[in-house]
Every structure is written in C-alpha cells, then in structure tokens.
Amino acid sequence: MNTHEADVHTISPELPAMFDGMKLAAVATVLYVIVRCLNLKSPTAPPDLTYQDTPLHRFLLKSCPQLTKEYIPPLLWGKSGHLQTALYGKLGRVSSPHPSGVRKYLPMQDGATATFDLFEPVGDHQTADDITMVICPGIGNHSEKHYVRTFVDYAQKDGYRCAVLNHLGALPNIELTSPRMFTYGCTWEFASMVNYIKRTYPQTQLVVVGFSLGGNIVCKFLGENRTNQERVLCCVSVCQGYSALRAQETFLQWDQFRRFYNFLMADNMKKIILSHRHSLFGGSSVKTIDADVGRLWTATSLMQIDDNIMRKFHGHSSLKEYYEKESCVHFIHNVNVPLLLVNSADDPLVHDSLLTIPRTLAAKKPNVIFSLTLHGGHLGFFEGAVLFPQPLTWMDKVIVGYANAICQWEKQKPPCQTGPLTESPCTEEKA
C-alpha cells in the first residue's frame with residue numbers, strides 16, 4: 001500500500017461524521033428559521049383592552065367573552081401575521097357559505113350607481129328586535145368576498161338583517177355609470193345605503209360594521225354629521241389604519257415587508273381601475289378625469305395611484321389634502337355611539353405607530369373600547385387546533401358577540417336612562 005492510499009484510508013472514516021454534523025447544523029438552522037418565521041414561541045393571550053370603566057363597558061366585558069378570553073390561533077402557523085394575512089388574501093375563509101341576498105341599485109346625484117346586497121335574517125334575534133347590520137368591506141372588496149359571506153351567514157343565523165356595500169367599481173360585472181370609483185374615505189355610497197335601509201325599515205336599528213378601509217369609511221361617516229348616528233346602536237371597526245397621511249410613510253418601509261404588500265395592493269388597484277378605463281378616462285360623452293394613464297401602468301405603490309388617479313375623483317389639489325380629508329382620524333372623536341375598535345399587533349399593513357390613535361381615543365372617550373390582539377394578521381383572526389383553521393373566525397364571533405351585548409344592554413336598561421353611557425342609577429319618584 002502506497003502512502004496516498006494510506007492517507008485515504010486514514011481520512012475516510014472521519015468524513016461521515018463530518019457530513020452528519022453538517023446535516024445536523026443545517027436541520028437546526030432550518031428549524032430555527034421556521035420557529036422564528038412562524039413565531040412559534042410567542043404566547044397566546046387575551047386581547048389588550050383600553051377603555052374607561054363605565055357601567056356599559058363592565059356589562060359588555062361580562063357579556064362578550066371574546067373580549068376577555070384568550071384568542072388561540074392555529075398552533076403551527078397562526079402566530080404568523082404574514083400567514084394569517086396571506087390566507088385571508090388568497091382564500092378569504094375556509095368552507096365559505098353562500099348566503100342568499102338581493103342586489104339593490106341606488107342612483108347617485110353625480111350619475112354614479114351605488115350597489116349593495118341585502119340579506120334577510122334566517123334566525124330570530126335574541127331580543128326579538130329588528131336589527132340591521134350595515135357593512136362596509138375592505139379595499140376593492142364587495143359582498144361576494146369569502147370573508148364577507150362567512151360573516152353575513154353567521155350574522156343572519158343570529159337574527160340580523162345584513163346590508164353589504166359593494167365598493168364603486170369593485171364588482172367585475174357592474175359597469176360604472178360615471179367617471180368615479182370608490183376612494184379611501186368617500187362616504188357617499190355608504191350613506192346612500194344607510195338612508196335606504198332607514199327609509200325601507202322605519203323600525204329597524206343599526207349596527208355599523210367596517211373592515212379595513214371600510215372601517216375608515218364607517219367611522220368617518222358617523223363623525224361627519226351627528227344625524228348619521230341616529231338609530232345606530234353601535235359601531236365596530238376591524239383592522240383599519242385611521243390616518244392615511246401617517247400611514248403613507250410606513251407603506252414605503254420594508255419593515256414587516258410592508259413595501260411588498262404595498263406593491264401587491266397597488267397591482268390589484270391597477271387592475272380594477274383599468275377594467276373601467278373606458279368610463280374613467282374617455283370614450284364617452286360624460287366628462288372624465290384628467291389623468292396620465294401611462295403613469296398608472298408604471299405605478300408600484302398605492303401612493304402613486306392615489307396621487308395620479310384617486311385624489312382627482314373629488315378634486316383634491318394634492319396627495320396630502322386627499323389623505324387629510326379622507327381619513328377618519330379628524331372625525332372619529334365626534335362618534336358618540338358605543339364604538340369597538342379592533343386591531344392586531346402583528347398586522348403587517350398597520351404600523352404600530354398608528355395604534356396610538358385608537359388607544360388615545362379609548363382612554364379619553366367613555367363610549368370607546370380599543371381591542372388589540374397579539375395575533376391575527378390583517379383580517380385573518382383564524383382559530384383552530386394545530387393545522388387546519390375553523391370556518392368561523394374570532395373576528396366574526398367578536399363582532400356578533402359585541403352587537404348582541406349592546407342589544408341586551410339597550411333592552412334591559414331602565415326607561416329613564418336616555419343613553420348607553422349614563423353613570424348614575426335612576427332615582428325613584430316620590431309620591
């Protein structure tokens with residue numbers, strides 16, 4: 001045996017051990033990345049609540065257990081805000097039902113045609129009252145989205161009539177009748193739907209619900225005019241950002257991949273706008289908006305689209321003015337009906353700095369509860385044991401549970417108590 005062969009035989013027994021060590025290190029690295037990315041070490045906890053101690057809030061926290069109990073997401077992936085958001089964005093919900101509704105068309109003063117879908121209750125309400133939920137979906141969404149259908153089906157079975165706004169231009173099979181589509185904070189279509197419900201059902205009371213962008217619209221609507229709060233029992237807003245002006249800077253940051261989400265939402269908005277380019281940009285006798293369609297094709301962020309297209313629908317002179325005028329942050333302090341604001345701490349779209357707005361509001365106003373869950377992503381809030389989520393989410397349950405508690409409060413409060421926030425008990429009349 002020569003010297004070279006001796007060296008080979010001497011080294012070779014050590015090679016398997018070295019490769020085993022490398023494999024072990026690689027597996028450990030992958031597991032570490034999985035644990036970090038899926039946030040598996042994060043604990044579960046009840047929502048972090050900010051509120052004033054009032055008789056109403058004590059009753060609500062007792063009657064709506066979702067606000068005080070642990071929210072437990074699916075074990076393997078539910079603690080990742082990105083996966084919760086991705087599953088909501090791709091699937092909406094699991095095993096989504098198909099509630100049966102009727103589509104309504106409402107002509108607007110500027111020639112636009114608003115549409116909403118009306119769903120009658122399929123069960124009896126626990127108070128036997130006539131209650132209608134008026135619902136505003138998220139950006140570019142409508143009544144046919146899975147998360148909306150799941151929520152409507154659940155609310156119907158609990159005895160609620162549901163009216164769901166279809167954002168102007170969002171439905172692919174409904175043509176625009178004027179050169180205008182939905183914007184971040186325009187309340188015209190939602191107001192038209194609410195007024196229709198009030199006229200058609202003079203005995204009904206309203207529960208106002210807004211998801212994401214819809215949360216901004218409903219809070220702005222209620223705060224714009226005190227009369228908008230008439231016959232409104234309460235309002236629930238889920239996963240909104242409160243101030244577009246403050247949010248725009250965070251959407252350009254790569255923290256939590258927010259810039260990537262910005263690109264995806266901008267791409268979706270481009271598809272919606274371009275599907276209506278004939279109505280918006282020319283080819284009809286109706287006056288169209290002055291916009292550079294070429295810039296729309298190259299836009300990679302919502303801010304670019306808002307500046308070139310969206311702000312011009314209402315004649316705003318600048319992007320700053322558009323965001324200022326269309327954000328609910330300047331109106332929400334005027335809302336005096338019971339208001340539940342829900343956000344998730346791991347929502348990749350809503351920066352933590354924006355959450356000072358609802359937290360400060362809830363600390364100052366006796367009608368507001370701010371609920372911040374540890375997990376849930378953006379409109380995810382899936383529940384489940386290990387891997388597979390349940391069809392119904394924590395979000396669906398907390399909205400209906402909160403609305404039920406408000407209805408119970410209104411039903412059992414003394415006749416002398418004129419508002420839901422009265423602190424002092426009624427005094428007995430002396431003979």
Side-chain angles (χ1 to χ4, degrees), residues 60 64 66-67 88 92-93 99 101 116-121 125 130-139 141-167 170 182 185 187 189-194 196-198 201 204-223 228-229 231-242 328 332 335 337-344 358 367-371 376 378-381 392-407 410:
L60 290 176
C64 181
Q66 288 81 14
L67 288 173
Y88 145 73
R93 291 293 180 260
F116 72 94
D117 286 18
L118 187 64
F119 305 85
E120 293 295 334
H125 194 270
D130 186 316
I131 313 291
T132 303
M133 285 191 173
V134 283
I135 303 164
C136 191
I139 183 171
N141 290 175
H142 44 74
S143 62
E144 297 175 9
K145 291 294 183 179
H146 288 188
Y147 78 96
V148 176
R149 285 174 15 197
T150 299
F151 175 72
V152 166
D153 180 75
Y154 182 54
Q156 278 183 295
K157 292 175 180 177
D158 244 46
Y160 292 95
R161 179 186 299 108
C162 294
V164 183
L165 181 70
N166 299 310
H167 284 301
F182 77 92
T187 60
E189 293 82 44
F190 187 75
S192 182
M193 179 181 76
V194 170
Y196 176 92
I197 295 296
K198 287 182 176 180
Y201 305 96
T204 196
Q205 294 177 294
L206 305 180
V207 172
V208 179
V209 179
F211 299 108
S212 192
L213 171 141
N216 177 74
I217 289 177
V218 301
C219 289
K220 182 171 178 281
F221 165 76
L222 293 176
N228 292 343
Q229 300 178 48
R231 292 167 58 185
V232 172
L233 292 174
C234 64
C235 174
V236 182
S237 161
V238 185
C239 287
Q240 69 151 308
Y242 306 97
C328 76
I332 197 169
V335 179
V337 298
L339 175 61
L340 175 63
L341 303 173
V342 178
N343 286 94
S344 171
N367 62 307
V368 182
I369 295 179
F370 173 50
S371 174
H378 189 78
L379 295 181
F381 298 104
L392 209 59
T393 68
W394 178 88
M395 178 183 79
D396 304 315
K397 296 174 185 177
V398 77
I399 296 173
V400 172
Y402 177 83
N404 284 342
I406 288 289
C407 293
E410 289 292 322

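Predicted, not measured: the structure shown is a model, and the values here were computed from it.
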key: From CA spacing to verdict: side-chain contact (heavy atoms from CB on, under 4.5 Å), Ile406, Leu60   = CA-CA 7 Å; Ile406 288 289; Leu60 290 176; 3.7 Å; yes

Qualifying residue for side-chain contact (heavy atoms from CB on, under 4.5 Å) with Cys219, from Val208, Ile332, Thr187 =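 Exactly one pass, corresponding to Ile332.
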
request  = Apply side-chain contact (heavy atoms from CB on, under 4.5 Å) to Val400 and Tyr160, showing your working.
outcome  = CA-CA 9 Å; Val400 172; Tyr160 292 95; 4.3 Å; yes

Which pair of heavy atoms, one from [X] and one from [Y], lies closest together, and at what distance?
{"X": "Pro358", "Y": "Leu341", "answer": "CB-CD1, 3.7 Å"}
{"X": "His146", "Y": "Arg93", "answer": "CB-N, 3.7 Å"}
{"X": "Ser344", "Y": "Gly376", "answer": "OG-N, 3.4 Å"}
{"X": "Val209", "Y": "Met133", "answer": "CG2-SD, 4.4 Å"}
{"X": "Asn228", "Y": "Lys198", "answer": "O-NZ, 4.0 Å"}
{"X": "Gly185", "Y": "Ile217", "answer": "CA-CG1, 4.1 Å"}

Quick one: does any side-chain atom of [X] pair with a main-chain N or O of [Y] as donor and acceptor, under 3.5 Å?
{"X": "Asn216", "Y": "Gly214", "answer": "no"}
{"X": "Asp117", "Y": "Asn166", "answer": "no"}
{"X": "Arg231", "Y": "Thr204", "answer": "yes"}

So [Y] and [X], do their side chains get closer than 4.5 Å, heavy atoms only?
{"X": "Gln240", "Y": "Phe211", "answer": "no"}
{"X": "Tyr402", "Y": "Gln66", "answer": "no"}
{"X": "Pro137", "Y": "Tyr147", "answer": "yes"}
{"X": "Asn404", "Y": "Cys64", "answer": "no"}
{"X": "Val337", "Y": "Cys234", "answer": "no"}
{"X": "His142", "Y": "Val148", "answer": "no"}
{"X": "Phe151", "Y": "Val238", "answer": "no"}
{"X": "Val368", "Y": "Val335", "answer": "no"}

task = Could you go through the side-chain contact (heavy atoms from CB on, under 4.5 Å) check for Cys239 and Phe381 one step at a time?
result = CA-CA 11 Å; Cys239 287; Phe381 298 104; 3.6 Å; yes

message = As a quick check of understanding, evaluate side-chain contact (heavy atoms from CB on, under 4.5 Å) for Phe370 and Asn343, giving each step before the final call.
response = CA-CA 8 Å; Phe370 173 50; Asn343 286 94; 3.5 Å; yes

Distance check, rounded to the nearest 0.5 Å: [X] atom [atom1] versus [Y] atom [atom2]?
{"X": "Asp130", "Y": "Tyr201", "atom1": "CG", "atom2": "OH", "result": "8.5 Å"}
{"X": "Leu379", "Y": "Thr393", "atom1": "CG", "atom2": "OG1", "result": "9.0 Å"}
{"X": "Ile135", "Y": "Leu165", "atom1": "CD1", "atom2": "CG", "result": "10.5 Å"}
{"X": "Ile131", "Y": "Cys407", "atom1": "CD1", "atom2": "SG", "result": "4.0 Å"}
{"X": "Tyr88", "Y": "His378", "atom1": "OH", "atom2": "NE2", "result": "5.5 Å"}
{"X": "Phe116", "Y": "His167", "atom1": "CZ", "atom2": "NE2", "result": "14.5 Å"}

inquiry  = If the threshold is 4.0 Å, N to carboxylate O, is there a salt bridge linking Asp153 and Lys157?
reply    =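 Answer for the salt bridge query: yes.
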
